[in-house]
2 protein chains.
Amino acid sequence: MDLSERQLQILQAIITDYVENAEPVGSRSIAKKYDLGVSPATIRNEMSDLEEMGYLTHPHTSAGRVPSDKAYRLYVNTLMKKKNLSAMDKRLISDRLSASRDEFDRTIRHAAELLSEITHLASFAMTPATNEETIDFIRLLPVDERTLILMIVGDSGNVTNTTLRLKVPYTQEDLDILSKNMTVQHKGRTLDDVLKSEIIEDVGTDIEALSALRGTVMPSFIRTLEDMLNVNLYMAGMTNIFNLPEYSSIDRARDFMELFTQRDWFTRKMLERANGMVVTIGDENDSMKDCSLITATYHVDGKLVGKIGVIGPTRMKYDEVTSLMEYLTNNLSEAFRLTDGGEDS
Amino acid sequence: MDLSERQLQILQAIITDYVENAEPVGSRSIAKKYDLGVSPATIRNEMSDLEEMGYLTHPHTSAGRVPSDKAYRLYVNTLMKKKNLSAMDKRLISDRLSASRDEFDRTIRHAAELLSEITHLASFAMTPATNEETIDFIRLLPVDERTLILMIVGDSGNVTNTTLRLKVPYTQEDLDILSKNMTVQHKGRTLDDVLKSEIIEDVGTDIEALSALRGTVMPSFIRTLEDMLNVNLYMAGMTNIFNLPEYSSIDRARDFMELFTQRDWFTRKMLERANGMVVTIGDENDSMKDCSLITATYHVDGKLVGKIGVIGPTRMKYDEVTSLMEYLTNNLSEAFRLTDGGEDS
DNA sequence: ATTAGCACTCTTGCCAAGTGAGTGCTAACA
DNA sequence: TGTTAGCACTCACTTGGCAAGAGTGCTAAT
């Protein structure tokens with residue numbers, strides 16, 4: 001039960017028009033604007049068929065038609081063509097990214113900002129997940145006789161640290177032994193791996209003082225590892241959605257904003273999504289059922305994978321947004337190859 | 001030209017009523033709810049006088065009166081009485097804060113969340129400004145032959161680090177010399193102080209290789225210092241304001257939300273405010289002219305000072321909010337005294 | 001000085017009529 | 001058989017008018 005060529009044309013015209021104007025589109029205006037060589041009456045008949053097949057809906061009897069989620073899905077899968085970015089946008093992107101090339105987190109933040117500036121939608125960018133990261137070394141550094149710093153360094157240069165204040169003074173010697181022990185024990189293992197296994201193990205050969213020190217350091221070690229696994233989330237353009245007619249009601253706007261105040265939940269959701277370009281439309285999202293969400297991934301050093309995304313109403317310019325995101329992720333991956341002498345944190 | 005006792009009573013009643021119901025309050029309802037022993041007509045006359053003096057305004061001829069910024073100011077300065085917190089709120093606070101006692105940043109975040117949960121307004125909390133922090137030591141740690149970690153440690157155990165990737169390999173020896181040099185040069189100075197003076201100085205006695213290394217490290221050193229000065233900002237309950245009638249129009253709501261998307265700007269603004277409990281009402285704020293803003297400060301180890309704040313419409317329960325914030329900052333300062341054996345980052 | 005009474009003002013909610021965009025159907029047409 | 005013109009019909013939206021209600025401001029009486 002495929003769609004005829006003419007039906008596809010009409011559907012495409014309706015989508016284009018509706019995405020532009022956010023108003024139900026009628027047969028007459030289609031006939032006028034896009035010359036398909038047929039009269040409004042014919043278009044009406046086709047529209048009626050398209051509605052029956054679930055591609056269009058009808059807010060009320062005497063209104064025009066609105067594309068359904070199914071229509072957008074069809075559009076994204078088969079109708080949509082890749083768009084070329086304007087020279088202006090390209091320059092904007094390269095200017096902005098190169099301005100912060102050597103500061104990793106700032107670059108990521110700029111990427112999110114670029115996305116929302118160009119699309120006028122809400123967007124986000126996340127630093128790479130460090131599931132793959134392995135431990136390079138662990139060090140305990142003295143500050144004063146009761147304060148010390150626990151520092152974990154990953155193989156890609158990722159560092160996380162915690163300051164510890166002990167109840168009992170420690171000796172420099174204990175510190176050295178413990179940090180060597182820990183490094184030997186964990187070097188080369190992924191963070192996940194260590195987190196899963198660590199809590200039980202306690203090397204029995206330690207002397208008493210060392211064991212006490214170890215007892216204090218361990219809980220912090222685990223928490224610091226967890227910290228290290230956390231990705232940073234940057235959001236931008238949240239207030240853009242206030243300009244869209246679909247969020248002109250306060251309730252809708254509130255629901256939308258509330259999604260983003262739950263940062264932990266949101267981060268988890270986004271991490272769960274598959275890599276590459278992923279588009280989910282309306283009902284395909286288990287929450288935010290009247291939004292569409294597009295995510296794409298960039299690479300750091302070919303290994304770590306970070307995500308960027310755009311969130312808006314189902315009525316969005318899928319072609320432009322996906323093309324932009326593809327361009328942007330390519331640029332990011334390019335910037336984050338480690339062959340040149342840049343630096344990052 | 002002071003206000004009479006009765007005028008104060010009436011003003012207080014109007015404020016109380018308006019804060020509660022968000023609707024212009026008329027003479028009759030005042031006379032009924034608060035028995036001041038006078039008739040509505042008398043109250044009308046007094047209201048008229050109060051309006052002339054600028055304490056009340058009139059949306060239109062036949063509407064009730066609304067308190068002006070000047071009225072709230074009078075209320076906050078002289079009329080307002082301290083409120084006792086409910087036992088429930090006290091328990092909520094102590095439960096929540098003690099749950100994360102040993103993780104500094106999490107505690108701060110919880111403080112912001114508590115504020116917005118109890119007041120139903122938007123709120124924020126910032127980690128302490130580190131203007132006063134002095135440098136304890138600087139260390140350069142090797143990762144691999146071209147990667148190293150620059151680490152700056154402050155006297156209160158604050159740590160910041162950056163990973164550097166060099167174009168040319170370095171030697172362990174150079175690293176040690178440079179980190180010793182830097183430590184000697186900067187130990188005991190405040191971050192601000194170093195930042196202001198640093199860029200010019202270049203100790204001339206270095207050997208060539210060391211000088212090259214130094215040249216690479218220095219820009220990152222400055223940027224890392226700047227990082228260290230940055231405070232973390234946690235916001236909570238932003239979407240609460242959607243429930244308030246003053247933000248029932250989309251435009252108002254948008255303006256409000258936009259304030260908080262400019263995090264850097266907002267942080268700077270808040271840092272500029274005086275320490276202690278500060279209340280600014282409506283026009284007293286140079287931006288957000290129809291909001292009121294209350295900030296208060298807490299102490300860490302008696303030295304560093306962090307801020308918490310609540311933002312809402314000028315119509316807010318100043319007495320309850322300020323009492324809550326006082327209680328909360330006391331609790332925070334208490335939790336962050338360093339005499340016990342806790343840990344923080 | 002206070003109060004009761006009354007005219008006046010302004011908002012809000014409601015209803016009815018008119019308008020316009022758009023559909024769905026039928027009958028004519030190529 | 002597919003296409004089109006014509007027409008009746010539906011529904012949302014706007015406008016104007018009307019009544020109700022809340023509240024003020026003024027005046028005259030207490």
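Throughout, protein chains are lettered first and strands after them, A, B, ... in sequence-line order, and every chain is numbered starting at 1. All heavy atoms count here, side chains included; hydrogens, waters and symmetry mates do not.
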List, with names and distances, any nitrogen or oxygen atoms from the protein found under 3.5 Å away from nitrogen or oxygen atoms belonging to nucleotides 28-30 of chain D.
none

*For the side chain of A/S68 and the backbone of A/T57, is there at least one donor-acceptor N/O pair under 3.5 Å apart?*
no
*asked:* Has B/R28 got a side-chain atom pairing as donor or acceptor with B/P40's backbone, closer than 3.5 angstrom?
replied: no
*How long is the line joining CE of B/M47 and P of D/dA22, in whole Å?*
16 Å
*Taking 5' to 3' order, which nucleotide of DNA chain C is first and which is last to have an atom within less than 4.0 Å of a heavy atom in chain B?*
C/dT2 to C/dT11
*Reckon B/S27 touches a base, only the sugar-phosphate, or nothing at all at heavy-atom distances under 4.0 Å?*
sugar-phosphate
*Proximity to DNA chain C (any heavy atom under 4.0 Å), residues of residues 38-45 of chain A only*: A/R44
*Which comes earlier along DNA chain C counting from the 5' end, the contact point of B/P59 or that of B/R6, where each point is its nearest nucleotide?*
B/R6
*Given DNA chain C, 5'-ward residue of the pair B/S62 and A/P24, judged by closest heavy atom*: B/S62
*Selection residues 72-92 of chain B - residue pairs positive for ring pair (Phe, Tyr, Trp, His ring centres under 6.0 Å), sequence neighbours left out*: B/Y72-B/Y318
*Only counting residues at least two apart or in another chain, list the ones meeting ring pair (Phe, Tyr, Trp, His ring centres under 6.0 Å) with A/F266.*
A/F124, A/F260
_Which heavy atom of B/L56 sits nearest to which heavy atom of B/M47, and what is that distance?_
CD1-O, 3.9 Å
*asked:* Give me the atom names and distance for the closest heavy-atom approach of B/K70 to B/G54.
replied: CB-O, 3.7 Å
*Residue pair A/D17 / A/Y34, side-chain donor-acceptor N/O under 3.5 Å*: yes
*asked:* Applying side chain to side chain donor-acceptor pair (under 3.5 Å), can you list everything that pairs with B/N84, at least two apart in sequence or on another chain?
replied: none
*So among A/Q7, A/R6, A/E5, which one has a side-chain contact (heavy atoms from CB on, under 4.5 Å) with A/L3?*
A/Q7
*asked:* One thing to verify: whether A/E284 and A/K289 come together as a salt bridge, which I'm taking to mean a side-chain N less than 4.0 angstrom from a carboxylate O.
replied: no
